[in-house]
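Structure, as structure tokens:
One-based numbering, in listed order, for ligands and for the atoms of each.
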Amino acid sequence: MIPAKTLVSTIPASPHPLVDALALPKTKNGRLVVDASLRVQGYTNVWALGDCAAVPTSDGTTCPPTAQHATRQARLIAENIGATLAGKTLRPFDFKGLGKMGSLGRRNAVAEIFGLSISGFLAWFLWRTIYLAKLPGWGRRLKVASSWALDLVLAPELVELRLDRSAGAVHEHFESGQNVFVEGELGDRVYILLSGRAEVVRRRPGAGGVAVEQVFATLGPGECFGEMALLGSAPRNATVRCVEPMTVLSIPKREFGLLAANVPGLRASFEQVMARRGLLPQS
Ligand SMILES: Cc1cc2nc3c(=O)[nH]c(=O)nc-3n(C[C@H](O)[C@H](O)[C@H](O)COP(=O)(O)OP(=O)(O)OC[C@H]3O[C@@H](n4cnc5c(N)ncnc54)[C@H](O)[C@@H]3O)c2cc1C
């Protein structure tokens with residue numbers, strides 16, 4: 001058994017907050033209302049396209065927020081602005097989309113191209129070929145194509161060494177009952193609690209030799225945890241568990257080490273916090 005967490009990621013396409021702040025006509029999902037020539041409704045000198053615009057199609061629907069539409073709308077806007085300046089007639093946006101594709105993994109995909117539905121290996125091959133064609137530059141295309149071709153005959157990599165460092169401090173969210181880390185694990189991050197609540201728990205031998213958990217601290221917004229394992233290069237000596245949905249700022253070991261070494265007093269103030277919690281002997 002390998003305990004793991006499942007991460008479900010959904011990525012909605014929604015207009016930028018900047019668009020929310022504009023006093024222009026919008027649909028109920030926040031996209032700017034434009035006419036077929038991509039001019040914002042009621043204006044002659046404001047244009048909109050892409051994900052932030054609700055562009056009408058000839059069949060009465062709205063264009064989906066996809067790159068194939070956005071790039072074509074960009075070309076049309078440029079032409080229509082030119083036509084406006086030259087006093088010529090504006091052209092309407094008239095593109096129905098080339099189709100949709102989605103990779104399912106394991107050399108399988110689904111596709112709908114020019115109204116034709118395809119699935120399986122052929123769809124996957126088409127999907128890869130189309131994305132390959134979209135890469136900028138022949139050098140890059142050749143490198144990627146040869147790597148993909150070798151993948152067809154060679155076994156997949158079973159291990160991947162992550163030689164690049166982490167992307168720095170990030171926000172992480174935890175639900176009640178979730179462990180941020182567990183006693184005995186190797187520490188690789190320091191956390192600052194931004195909202196919610198956590199408890200610090202240690203396992204101790206109880207009656208009959210059965211280990212029991214003992215809560216010896218509750219943490220709230222503004223408090224930090226996880227620093228002990230980094231400062232002392234020792235495994236985590238306690239478990240930190242979320243008791244109220246919380247958001248933390250999570251700082252990787254390397255970045256925290258740099259801060260602790262270079263910010264005067266930072267290491268000392270963390271050591272004071274740990275001593276207060278009984279993690280270090282009081283000096
Ligand atoms: C995960 C995912 C997968 C997708 N897959 C596909 C696909 O396979 N095929 C497809 O056709 N479409 C796909 N899309 C949709 C496609 O990416 C978008 O529809 C398209 O990028 C919209 O183009 P746009 O120019 O409107 O916006 P964007 O491409 O988002 O461009 C907006 C730009 O404005 C910049 N910006 C934001 N704020 C500011 C500011 N204040 N000042 C200056 N610059 C700013 C942003 O950095 C960004 O570069 C996908 C989208 C997502 C999220």
Side-chain angles (χ1 to χ4, degrees), residues 5-41 43 45-82 84 90-137 140-141 143-145 147-148 151 167-173:
K5 289 175 188 167
T6 303
L7 179 71
V8 178
S9 165
T10 61
I11 304 162
S14 62
H16 192 278
L18 193 69
V19 176
D20 286 343
L22 297 175
L24 294 171
K26 286 173 218 141
T27 59
K28 67 175 186 308
N29 57 9
R31 297 171 82 183
L32 295 167
V33 179
V34 297
D35 63 20
S37 67
L38 308 179
R39 239 183 339 202
V40 174
Q41 191 185 60
Y43 292 79
N45 59 347
V46 184
W47 307 77
L49 76 148
D51 286 2
C52 70
V55 179
T57 59
S58 51
D59 60 12
T61 57
T62 304
C63 289
T66 72
Q68 51 178 312
H69 288 84
T71 49
R72 285 165 178 88
Q73 288 162 3
R75 249 174 261 130
L76 181 70
I77 273 198
E79 280 175 29
N80 279 349
I81 291 173
T84 306
L90 306 187
R91 257 193 336 113
F93 185 68
D94 186 20
F95 171 68
K96 294 194 174 48
L98 303 173
K100 300 171 214 152
M101 308 193 101
S103 168
L104 305 175
R106 295 179 182 269
R107 295 175 194 164
N108 261 301
V110 283
E112 196 187 273
I113 303 170
F114 303 118
L116 197 69
S117 299
I118 317 166
S119 62
F121 181 81
L122 180 64
W124 175 81
F125 188 79
L126 268 174
W127 172 76
R128 280 219 150 170
T129 309
I130 289 171
Y131 279 93
L132 189 68
K134 289 190 183 294
L135 288 179
R140 195 171 286 110
R141 274 178 218 146
K143 272 190 200 167
V144 174
S147 166
W148 284 354
D151 282 349
V170 291
H171 284 138
E172 287 187 50
H173 181 80

Counting heavy atoms not belonging to Arg140, are there more than 12 under 6.0 Å from its CZ?
no
Heavy-atom neighbours of Phe125 CZ exceed 12 at 6.0 Å
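Counting neighbours around CZ of Phe125, 12 or fewer heavy atoms of other residues, nucleotides or ligands fall under 6.0 Å, so no.
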Could you list the residues that satisfy side-chain contact (heavy atoms from CB on, under 4.5 Å) with Gln68, not counting sequence neighbours?
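Partners of Gln68 under the side-chain contact (heavy atoms from CB on, under 4.5 Å) test: Thr66, Arg72, Phe95, Leu98.
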Give every donor-acceptor pair under 3.5 Å between a side-chain atom in residues 29-37 and any protein atom, sequence neighbours left out.
residue, atom, partner, partner atom, Å
Asn29, OD1, Thr27, OG1, 2.6
Arg31, NE, Asp51, O, 3.2
Arg31, NE, Ala53, O, 3.1
Arg31, NH2, Ala53, O, 2.8
Arg31, NH2, Cys63, O, 3.3
Asp35, OD1, Ser37, N, 2.9
Asp35, OD1, Ser37, OG, 2.7
Asp35, OD1, Leu38, N, 3.2
Asp35, OD1, Arg39, N, 3.1

Is it the case that the side chain of Arg107 and the backbone of Phe121 share a donor-acceptor pair, with hydrogens and angles ignored and the cut-off at 3.5 Å?
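Such a contact is absent between Arg107 side chain and Phe121 backbone.
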Considering only heavy atoms, which protein residues lie less than 4.0 Å from any atom of ligand 1?
Ile11, His16, Gly50, Asp51, Pro65, Thr66, Ala67, Gln68, Ala70, Tyr131
Test salt bridge (Lys or Arg N to Asp or Glu O under 4.0 Å) applied to Lys100 - qualifying residues, sequence neighbours left out
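Expected list: none.
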